[in-house]
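To start, the structure under review is shown below, and the notes come after it.
Residue numbers begin at 1 in each chain, while the letters A, B, ... track the order of the sequences. Not measured: the values here are computed from a predicted model. Scope of the values below: all heavy atoms of this structure, side chains included, with no hydrogens, waters or symmetry mates.
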Number of protein chains: 2
Amino acid sequence: MRGGGYKATPQRMSVLRTLAKEQHQTLEDIRTQCPEVGLVTVYRTLDLLVGLGIVRRLDLGDGARYELAEDHHHHMICEQCGEISEFEQCPLDPGRLPAGDGFEVRSHSLEVYGRCAACG
Amino acid sequence: MRGGGYKATPQRMSVLRTLAKEQHQTLEDIRTQCPEVGLVTVYRTLDLLVGLGIVRRLDLGDGARYELAEDHHHHMICEQCGEISEFEQCPLDPGRLPAGDGFEVRSHSLEVYGRCAACG
DNA sequence: CGCTAATTGAAAAATTTTTTCAGTTGCAGA
DNA sequence: TCTGCAACTGAAAAAATTTTTCAATTAGCG
């Protein structure tokens with residue numbers, strides 16, 4: 001981060017620390033955990049981090065959420081109750097990823113929609 | 001749609017027709033193609049369709065977009081220029097989808113991030 | 001330690017989305 | 001086909017969300 005001429009301010013650290021705690025958080029989630037960081041700064045920090053590829057913004061059907069872009073993104077979303085959970089195992093077959101069209105794959109995000117056990 | 005006690009109004013038909021034309025459109029895209037439909041009605045229609053599972057809302061990093069939920073969703077997003085393209089072949093291995101936890105998979109959405117040929 | 005460009009926060013502006021409500025309309029039943 | 005009414009629509013207003021502005025502050029290089 002400092003490499004790009006950006007400063008490691010307490011506010012940015014605080015937002016990053018919050019993002020590291022939990023996945024797919026809303027702006028409000030982050031705000032709640034960073035009460036000492038101004039609203040505008042949270043927006044700007046997220047913009048910056050998204051721009052740097054450190055954070056990814058996603059919409060699972062209920063507004064913007066943010067999470068660290070480091071890991072894979074495998075979400076299960078219940079269409080009934082809206083619950084979002086995660087799973088680790090990557091069901092992707094690398095051999096079947098698009099190729100030959102010059103697109104270089106860096107990472108991916110997978111959302112599986114359906115019904116959770118509770119909503120059966 | 002009529003089954004659920006909903007009316008097949010011209011406005012709804014217009015929005016659906018627009019969604020059928022192209023994938024991942026923004027609200028403005030839809031508005032432009034449905035000038036005869038009021039802004040509020042577009043919002044309400046999309047909400048309804050999303051609620052019915054006919055349409056899916058997604059955020060590929062630049063705000064909400066909508067598309068028919070019928071098909072699979074395989075997007076390639078260039079992290080450099082933001083271009084969004086699609087590919088047909090599904091790289092998912094059904095055998096590796098999460099199971100045993102009672103979650104019933106209905107559909108899925110996959111976003112692949114990287115660099116497009118032009119941005120190499 | 002001092003300098004300077006980067007950063008911050010508060011207020012204001014712009015944008016996006018939702019609510020309200022009175023008038024309109026699709027469509028089920030007569 | 002006609003009728004009644006719940007569902008629907010649009011315009012305006014309200015609310016929520018995001019961005020811009022700008023003066024004051026600060027991280028970090030030298």
Criterion side-chain contact (heavy atoms from CB on, under 4.5 Å) against A:Ile30, the qualifying member of A:Thr45, A:Leu19, A:Val37: A:Leu19
Atom pair distance, as rounded to whole Å: CG in B:Leu48 and C1' in C:dT18: 16 Å
Atom-pair distance (CZ on A:Arg31; P on D:dA16), nearest Å: 14 Å
Nearest-nucleotide comparison on DNA chain D, the residue closer to the 5′ end among A:Glu28 and B:Val42: B:Val42
Spacing of A:His74 atom NE2 and A:Gln23 atom CD [to the nearest 0.5 Å]: 11.5 Å
No-hydrogen, no-angle side-chain donor-acceptor test under 3.5 Å, B:Gln25 and B:Gln33: yes
N/O (side chain, B:Tyr43) to phosphate O (OP1/OP2, C:dT17) under 4.0 Å: yes
d(NZ, A:Lys7; P, C:dT7) in whole Å: 6 Å
First encountered from the 5' end of DNA chain C, between B:Pro10 and B:Val40: B:Val40
Between P of C:dT25 and CE of B:Met13, the distance in whole Å: 17 Å
Whole angstrom value for the distance that separates C1' of C:dA11 from CZ of A:Arg44: 12 Å
Sugar-phosphate only, base, or nothing, as touched by B:Glu36 at under 4.0 Å among non-hydrogen atoms: sugar-phosphate
Protein-nucleotide distance (B:Leu39, atom CG; C:dT18, atom P), rounded to Å: 10 Å
B:Arg12 side chain near C:dG26 phosphate (N/O to OP1/OP2, under 4.0 Å): no
B:Asp47 side-chain N/O to B:Arg44 backbone N/O, donor-acceptor pair under 3.5 Å: no
Rounded interatomic separation in angstrom, taking CG from A:Asp47 and P from C:dA6: 17 Å
Phosphate contact (C:dG9 OP1 or OP2) by A:Thr41 side-chain N/O below 4.0 Å: yes
Phosphate OP1/OP2 of C:dT25: any B:Gln11 side-chain N/O under 4.0 Å: no
Side chain A:Arg12, main chain A:Lys7, donor-acceptor under 3.5 Å: yes
Residue whose closest nucleotide on DNA chain C lies nearer the 5' end, A:Gly38 versus B:Leu27: A:Gly38
